[in-house]
Amino acid sequence: MSNNALTSAPDRSRDPFNWLRREVDQLFNTMWPTSSDPSSSLSSQRLFSVSPSLDVSENEKEFMVTADVPGLEEKDLKVEFSNKVLTIKGEKKLNREEKQENYYMMERWSGSFNRSIQIPSPVNENLIQAEVKDGVLYITLPKTESEPKPVKQIEVKKT
């Protein structure tokens with residue numbers, strides 16, 4: 001075996017703890033970059049495509065749903081309601097271009113999500129509202145009285 005093959009591998013024998021620390025630091029920097037720019041690494045693209053966290057609460061009058069959607073605007077979001085199911089969809093596309101002397105770079109990035117939740121009781125579909133503010137989507141679903149079904153009389157026959 002040649003010495004070149006041995007020298008290209010990391011030298012863990014000198015200080016294995018230092019090597020391990022560098023490896024762990026690199027792993028964390030790859031998975032959770034400190035930059036707020038979503039195009040700064042591939043891992044941030046993977047993180048963005050994860051569904052946003054949701055909070056669902058209710059009071060006597062309505063259900064309230066909040067979703068964390070940082071960086072998204074109303075044009076990037078779609079909210080649907082059908083058959084007691086609320087669906088939230090989001091997609092963000094980013095094109096970044098930088099030009100400097102003897103330097104040119106262009107990156108494209110996109111991510112999307114789709115979340116659906118069952119709403120446990122009837123709501124007034126015509127009064128559902130959604131708004132996005134400071135990276136949070138707020139949805140209110142006003143409750144409605146369920147229409148009482150008329151009692152069906154069943155005729156008893158003599159046999």
Side-chain angles (χ1 to χ4, degrees), residues 17 19-100 103-159:
F17 295 107
W19 173 83
L20 179 61
R21 182 184 55 79
R22 279 194 313 271
E23 291 293 313
V24 170
D25 286 347
Q26 182 179 0
L27 173 67
F28 276 91
N29 288 337
T30 301
M31 295 302 293
W32 296 284
T34 56
S35 171
S36 61
D37 181 1
S39 66
S40 64
S41 74
L42 291 175
S43 63
S44 60
Q45 292 177 23
R46 286 191 300 270
L47 288 173
F48 181 78
S49 64
V50 173
S51 295
S53 62
L54 296 180
D55 294 327
V56 181
S57 60
E58 91 177 285
N59 60 30
E60 293 175 5
K61 297 180 180 181
E62 62 193 6
F63 292 96
M64 290 87 54
V65 178
T66 58
D68 295 330
V69 291
L72 295 181
E73 299 173 12
E74 67 279 354
K75 65 182 170 75
D76 304 320
L77 296 164
K78 185 174 185 180
V79 178
E80 300 172 340
F81 186 81
S82 177
N83 297 322
K84 289 186 164 184
V85 175
L86 176 69
T87 302
I88 304 168
K89 299 175 184 178
E91 182 175 17
K92 184 72 173 178
K93 294 181 180 178
L94 175 68
N95 289 321
R96 188 176 80 171
E97 185 174 338
E98 291 182 22
K99 290 183 181 179
Q100 296 178 2
Y103 173 75
Y104 182 83
M105 177 181 75
M106 178 181 249
E107 294 181 337
R108 286 169 214 74
W109 174 88
S110 67
S112 64
F113 67 87
N114 184 345
R115 292 285 311 261
S116 294
I117 56 170
Q118 180 95 24
I119 303 299
S121 62
V123 299
N124 187 334
E125 296 180 22
N126 297 323
L127 297 178
I128 297 173
Q129 295 182 348
E131 67 177 337
V132 64
K133 180 180 178 185
D134 298 329
V136 179
L137 175 64
Y138 299 93
I139 304 169
T140 56
L141 302 103
K143 292 180 179 180
T144 186
E145 297 280 329
S146 59
E147 296 178 15
K149 295 182 180 178
V151 175
K152 182 177 180 181
Q153 296 293 324
I154 305 192
E155 181 183 344
V156 179
K157 298 180 182 180
K158 182 178 179 183
T159 58

In terms of heavy-atom contacts, does NZ of K78 have more than 12 from other residues, nucleotides or ligands at under 6.0 Å? no
State, to 0.1 Å, how close V69 and L137 come at their nearest heavy-atom pair, and which atoms those are. CG2-N, 3.8 Å
Could you check if a side-chain atom of F63 sits within less than 4.5 angstrom of a side-chain atom of L86, using non-hydrogen atoms only? no
Taking all heavy atoms of L72 and all of E91, pick out the closest pair and write down the distance. CD2-O, 4.0 Å
CD1 (I119) and CD1 (I139) are apart, to the nearest 0.5 Å, by 8.5 Å
Please give me the minimum heavy-atom distance between S116 and T87, naming the atom from each residue. OG-OG1, 2.9 Å
For the pair K143 (side chain) and N59 (backbone), establish whether a donor and an acceptor sit closer than 3.5 Å, ignoring hydrogens and angles. yes
First locate atom CD of E131, then atom CD of E74, and finally report the distance between them rounded to the nearest 0.5 Å. 11.0 Å
Note: T140 and E62 closest approach over all heavy atoms is CB-OE1, 4.0 Å
Considering all heavy atoms, the nearest G90-L77 contact: CA-CD2, 4.1 Å
Is any side-chain heavy atom of D55 less than 4.5 Å from a side-chain heavy atom of V65? no
CZ on F81 to CG on N126, rounded to 0.5 Å: 11.0 Å
Around E80, counting heavy atoms of other residues, nucleotides and ligands shown, do more than 12 lie under 6.0 Å from its CD? yes
